[in-house]
Amino acid sequence: MLILLLFSIFAASLNSAVIHKAELSEKGAIYKFNLFGALVWCVCLFIANGGRLHFDTTALLWGCVYGVTQALFILFKTAAMNSGPVSITTLIGNCSLVVSVVVCFILWNEPISLADMIGLALLMLGLTLATYKKSNGTFTKKWAVLSFLFLVLGAGVGITFKAFGKSGGTAHTSDMMIVAAFVMLISYTAICLFTGGFASKSNKYTKKEKRLFIILALVSGLLSCLYNRLNIYLSGALDGVIFFPSFNGGVVVLSTVVSMIIFKEKLSARQLIGLLLGISGICIIGIL
C-alpha cells in the first residue's frame with residue numbers, strides 16, 4: 001500500500017513538472033492541454049481494460065460525477081488563479097485536503113487521532129511557508145467566489161474517489177474512469193469553444209513549440225491517468241486523514257524538490273523550513 005502511495009505521489013509530482021514546462025499562458029491553453037490529456041485517458045483505459053466496456057449504473061453515475069467535478073475544478077482553478085493573488089489562491093486550494101478529511105470523518109466515521117491533528121497542523125503550516133510568496137493581485141468579490149469554488153471542487157475530486165470506493169463498484173473502476181474521460185473530453189471541448197480556446201490569435205509559437213505542447217500534453221495525460229487510477233484504489237483503502245494529507249502534501253513537497261533539481265529553482269530559508277515541517281507532518285500522520 002505504501003509503495004503504491006509513493007508511486008502515485010511520484011507520478012503526480014512528475015506531472016506537475018511537465019505542466020510547469022508547458023507553455024500555458026495563452027488564453028484557453030490549459031483547456032486544450034487537458035483536452036489532449038482526456039484523449040490519452042480514453043485510449044489508455046480502453047487498452048488497460050482489454051478493449052472491453054461494461055457500463056452499469058454505478059460506473060455511469062460516478063463517471064459522470066467525477067468527470068464533471070474534475071472539469072469544473074480545472075475551470076475554477078484557472079479562473080481563480082487569473083483573478084487574484086496566485087500564492088494565496090494556491091494556499092486556499094491546498095486547504096481542500098482539510099475539507100476532505102473532515103468530510104470523511106462526518107460521512108464515514110473515519111477516526112482522527114490527536115497525532116493526526118498535530119500532523120495535519122504541521123503539514124498546513126509547512127505548505128504555507130513553502131508555497132506562499134508575495135504577489136500582485138487584488139482581493140475582489142469575484143476572486144473570493146472563484147477561490148471558494150476552487151476549494152470546494154478540489155475537495156470534491158478526492159471525496160468522489162472516496163465515495164466511489166465506498167459504493168462497492170470498484171470492480172469496474174476502469175469503466176468508471178472511461179466514462180469520466182469522455183465527460184471531461186466533452187466538457188473541455190465545450191469550454192474551448194465557449195472561451196475561444198481553439199481559435200488562437202497568437203502567431204508567436206513555432207511549429208516546434210506547438211509540437212512540444214502536444215507532446216507534453218500527452219505525457220501529462222498519461223501520468224495523470226496513472227496517479228488518478230491509483231488514487232481511486234488508495235482513497236478507498238486508506239482513511240481520509242492518512243490518504244489526503246499524505247498525497248496532497250507529498251505532491252507539494254516532492255514537486256518543490258523536483259523543481260529544484262530539474263528547473264534549478266532556489267529555495268529560501270523559509271521555504272526549506274516549510275518543506276521540513278511538511279515532511280514532519282506527513283510522517284506523524286502516517287506513522288503515529
Side-chain angles (χ1 to χ4, degrees), residues 8 11-12 15-16 19 24 28-49 51-80 93 96 99-100 103 107 146 149-195 197-198 217-236 243-244 247-248 251:
S8 177
N15 184 51
S16 295
I19 294 174
L24 301 177
I30 185 66
Y31 306 124
K32 287 189 288 185
F33 192 85
N34 282 281
L35 189 151
F36 282 117
L39 280 172
V40 173
W41 279 41
C42 292
V43 174
C44 290
L45 291 168
F46 184 71
I47 294 173
N49 215 26
R52 298 185 302 272
L53 297 176
H54 176 78
F55 295 143
D56 60 7
T57 305
T58 301
L60 289 171
L61 173 63
W62 288 108
C64 289
V65 170
Y66 173 48
V68 171
T69 303
Q70 179 69 23
L72 289 176
F73 167 69
I74 295 296
L75 175 63
F76 287 112
K77 175 182 179 180
T78 305
S96 64
V99 177
S100 300
V103 170
L107 294 183
L146 292 172
L149 291 172
F150 170 36
L151 168 66
V152 171
L153 289 163
V157 172
I159 293 170
T160 300
F161 285 165
K162 173 66 72 172
F164 175 71
K166 297 288 186 179
S167 70
T170 52
H172 300 295
T173 299
S174 294
D175 298 309
M176 185 278 281
M177 289 189 69
I178 290 174
V179 173
F182 274 113
V183 171
M184 287 188 287
L185 188 63
I186 294 170
S187 299
Y188 292 132
T189 300
I191 293 171
C192 285
L193 289 172
F194 181 75
T195 60
F198 287 129
L218 296 178
V219 172
S220 174
L222 179 61
L223 290 169
S224 64
C225 181
L226 176 60
Y227 79 75
N228 276 284
R229 179 62 183 85
L230 287 172
N231 284 353
I232 290 178
Y233 167 72
L234 291 168
S235 62
F243 171 71
F244 292 111
F247 176 75
N248 291 32
V251 170

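Count residues from 1 along the sequence.
We find the CG-NZ distance between Leu107 and Lys166 to be 10.5 Å, quoted to the nearest 0.5 Å. In this structure, CG in Asn248 is found 5.5 Å from OG in Ser96, a value given to the nearest 0.5 Å. A distance of 10.5 Å separates OG1 in Thr78 from CG in Leu146, rounded to the nearest 0.5 Å. One distance of note links OG1 of Thr173 with CZ of Phe161; it measures 10.5 Å at 0.5 Å rounding. Separating the OH atom in Tyr188 from the OH atom in Tyr31 is a distance of 9.5 Å, to the nearest 0.5 Å.
In terms of heavy atoms, Val251 sits closest to Ser16 at CG1-OG, 4.2 Å. Across all non-hydrogen atoms, the minimal contact from Val183 to Cys64 is CG2-CA, 4.0 Å. Across Leu35 and Leu185, no two heavy atoms sit closer than the pair O-CD1, 3.7 Å. Closest approach of Ala181 and Trp41 over heavy atoms only: CB-CB, 3.7 Å. In terms of heavy atoms, Ser8 sits closest to Leu234 at CB-CD1, 4.2 Å.
Checked by atom type and distance alone, the side chain of Ser167 pairs as donor or acceptor with a backbone atom of Phe164 at under 3.5 Å.
The side-chain contact (heavy atoms from CB on, under 4.5 Å) test applied to Tyr233 returns Met1, Leu4, Arg229, Ala237, not counting sequence neighbours. Take Ser100 and apply the side-chain contact (heavy atoms from CB on, under 4.5 Å) test, not counting sequence neighbours, and it matches Ala155, Ile159, Phe244. Contacts of Phe247 classified as ring pair (Phe, Tyr, Trp, His ring centres under 6.0 Å), with partners at least two apart in sequence or in another chain: Tyr227, Phe243.
Within the structure, side chain to side chain donor-acceptor pair (under 3.5 Å) contacts touching residues 174-184 (residues at least two apart or in different chains) are Asn49-Asp175, His172-Asp175. Residue pairs satisfying the side chain to side chain donor-acceptor pair (under 3.5 Å) criterion with at least one member in residues 66-75, sequence neighbours excluded, are listed as follows: Tyr66-Asn228. Residue pairs meeting the salt bridge (charged side-chain N to carboxylate O under 4.0 Å, His left out) criterion with at least one partner in residues 59-72, sequence neighbours excluded, are absent.
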Margin query: Val40 vs Cys225, test: side-chain contact (heavy atoms from CB on, under 4.5 Å). Steps then yes/no.
Written below: CA-CA 8 Å; Val40 173; Cys225 181; 5.5 Å; no
Note to self: Could you walk me through whether Ile232 and Met176 satisfy the side-chain contact (heavy atoms from CB on, under 4.5 Å) test, starting with their C-alpha distance in whole Å, then the side-chain angles of each, then the deciding distance to 0.1 Å, before giving a yes or no?
What the structure shows: CA-CA 10 Å; Ile232 290 178; Met176 185 278 281; 3.5 Å; yes
Item checked: Steps toward side-chain contact (heavy atoms from CB on, under 4.5 Å) verdict (Leu75, Leu72) -> CA-CA 5 Å; Leu75 175 63; Leu72 289 176; 4.2 Å; yes
Margin query: Show, in sequence, the C-alpha distance, side-chain angles and deciding distance for Ile178 and Phe55, and conclude whether the side-chain contact (heavy atoms from CB on, under 4.5 Å) test is met.
Written below: CA-CA 9 Å; Ile178 290 174; Phe55 295 143; 4.2 Å; yes
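No side-chain donor from either of Asn15 and Ser224 sits under 3.5 Å from a side-chain acceptor of the other.
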